[in-house]
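The structure under discussion appears below in the form of structure tokens.
This chain uses plain numbering: 1 for the first residue, then up along the sequence. Remember, predicted model here, so these are calculated numbers, not experimental data.
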Amino acid sequence: MRLVVIGSGYVGLVTGACLADFGHTVVCVDKDASRIDRLRHGEMPIYEPGLEVIVAQNVRDGRLSFTTDLAGSVTGADAVFIAVGTPSRRGDGHADLSYVHDAARDIARALQGNTVVVTKSTVPVGTGDEVKRIIHEHRQSSAFSVASNPEFLREGSAIQDFKHPDRIVIGVEDEHASTVMAEIYRPLFLNKSPILFTSRRSAELIKYASNAFLAMKVTFINEIADLCEKVDADVQEVARGLGADKRIGSKFLHAGPGFGGSCFPKDAMALAKTAQDHDSPLRLIETTIAINDTRKRAMARRIIRAAGGNVRGKTIAIFGLTFKPNTDDMREAPSISIIQALQDAGAHVNAYDPKGMDQARAFWSEVTFHASPYEAAENASAICILTEWEQFRALDLQRLEKVVAQPVLVDLRNVYSHEEARRFGFAYSGIGSRSSTPTHVIDLAAARDRLVEAV
Ligand code: UDX
């Protein structure tokens, strides 16, 4: 099949590369000439494990190419995927569809033959109808179909998710579109990945409902973690017990500092807005958004408490800045508000992240970025693990203990345990277990202050 993917960002690039890997001929289009130029030279605009290799292989085999010429590539294509961004609209949180509408207009001008136009971008229910209307307005002579094929790719494991999906959702309104879409995904169908054909509107809503549900699940376990701390229970044990029930499932029950990223916050907000507009408010989702927002600054207060209650003039070391591991993406990362709150409280922040530091520099002035966690920890009154990068699972705690000003470990991802940290002299504060709240650190600091006063 001859396929075109419009938008060579995260979703477009992964989709294009994987579809080429299935054996289709794929042209990835982007308006950004320098991005296309870099891609032609094998340079990836994002960090995603495995992407560079799969792009290089398919370019070499002649199945994958990059261009800024949208019209030239769309003409005669079997399917054109729209994979442009749908950011939150400034002011009201609705999805900004201007890039999708622009792409529809550009496609319309070049359409010839019976092409299927597929929205891959995350778009509110009804967007497919609007895409169809726009194309029809500009190109009444050509036959075409509009389908919805949402992506469920997690950053950091996007290639694996594309090639081994739990399901492929395809929203279609005509026979031709379903035949073409089935042919495109045939290699996965042979692997027995279930393909779910639905109406176009249902497909659009499945994507938002999935992300909103997962965001709600994370928020649920975060609130249970807070309760665990009050009643002396352990959230990791509770999550194991909960998740063993197949109706609930064990995934997305890892308590932490709150969800972030390019999808959950934006999609939950856009779904809530759509629901309000249709007079059918989704109060669970609205509450999820509100809880998650307040959680981040609450995490900063937790760090301040653990460091002794007053961080003015003190150094706090932050390990991990990206919203999750294996990505360089800083969008809506909890680190953004947590570090801001620490700075508001007068702390100096030392930071280290394996991949995210370039993107992170834009978010705060006065943060000092370091080349290793050990450098970042020097003279720190508390170390905080904010993102669960693999390399933080095997930190040399003995070495860290020697360089810090005060051995306090605030572990917002529960990478370590109270016992492990204590073995190396650290007071430990994790998420969702009472024994890990560092009351003795507060006592120690208070005792020191009392001593100073007495002297
Ligand atoms: C998400 C969806 O999973 C994916 O299907 C969709 O298409 C795009 O959005 P992604 O944003 O890459 O993917 O990240 P994901 O792994 O889903 O994590 C989202 C956020 O939830 C992260 O901030 C993560 O740290 C947090 N999270 C996730 C938890 O705090 N606990 C968990 O148990 C799982």
Looking just at side-chain N and O atoms, do [X] and [Y] make a donor-acceptor pair shorter than 3.5 Å?
X	Y	result
S210	R167	yes
N149	Y185	yes
S417	E420	yes
S335	K296	no
H348	T368	yes

Does any part of the side chain of [Y], heavy atoms only, come nearer than 4.5 Å to the side chain of [X], both counted from C-beta?
X	Y	answer
S8	I36	yes
N350	I318	no
I168	L196	no

Has the side chain of [X] got a donor or acceptor atom that lies under 3.5 Å from a matching backbone atom of [Y]?
X	Y	result
N58	I54	yes
T127	V123	no
S157	Q160	no
S250	G243	no
K217	K251	yes
K207	E151	yes
E204	G128	yes
D161	L153	no
E332	G261	no
Q406	A307	yes

Presence of salt bridge, [Y] and [X], under 4.0 angstrom:
X	Y	answer
R154	E48	no
R105	D102	yes
R200	D129	yes
R295	E223	no
R297	D344	yes

Stepwise side chain to side chain contact (heavy atoms under 4.5 Å, CB included) check, T86 with Y99
CA-CA 7 Å; T86 52; Y99 301 113; over 6 Å; no

Hey, does the Lys NZ or Arg CZ of K120 hover above the aromatic six-ring of F81, less than 6.0 Å from the centre and inside 45° of the axis?
no

Taking atom OH as the centre, does Y374 end up with more than 12 heavy-atom neighbours from other residues, nucleotides or ligands that are less than 6.0 angstrom away?
yes

Parallel under 30°, tilted from 30 to 60°, perpendicular over 60°: which one fits the rings of [X] and [Y]?
X	Y	answer
Y352	F392	perpendicular
F264	F252	tilted
F369	W364	tilted

Which atoms form the tightest heavy-atom contact between [X] and [Y], and what is the distance?
X	Y	value
A158	Y10	CB-OH, 3.3 Å
C228	G432	CB-O, 3.4 Å
F22	I184	CD1-O, 3.9 Å
I338	L386	CD1-CD2, 3.6 Å

Interatomic spacing from OG1 in T315 to CG in N379 - rounded to 0.5 Å
5.0 Å

Step by step, would you call K402 with E378 a side chain to side chain contact (heavy atoms under 4.5 Å, CB included)?
CA-CA 9 Å; K402 291 207 175 81; E378 265 174 44; over 6 Å; no

Any chance you could lay out the side chain to side chain contact (heavy atoms under 4.5 Å, CB included) test for D358 and D328, step after step, and finish with the verdict?
CA-CA 8 Å; D358 282 348; D328 58 357; over 6 Å; no

Under the side chain to side chain contact (heavy atoms under 4.5 Å, CB included) criterion, do E52 and Q57 qualify, and how do the steps go?
CA-CA 9 Å; E52 197 168 339; Q57 266 166 7; over 6 Å; no

Could you check E229 against R302 for salt bridge (charged side-chain N to carboxylate O under 4.0 Å, His left out), going step by step and ending with a plain yes or no?
CA-CA 12 Å; E229 290 173 13; R302 177 185 290 251; 3.0 Å; yes

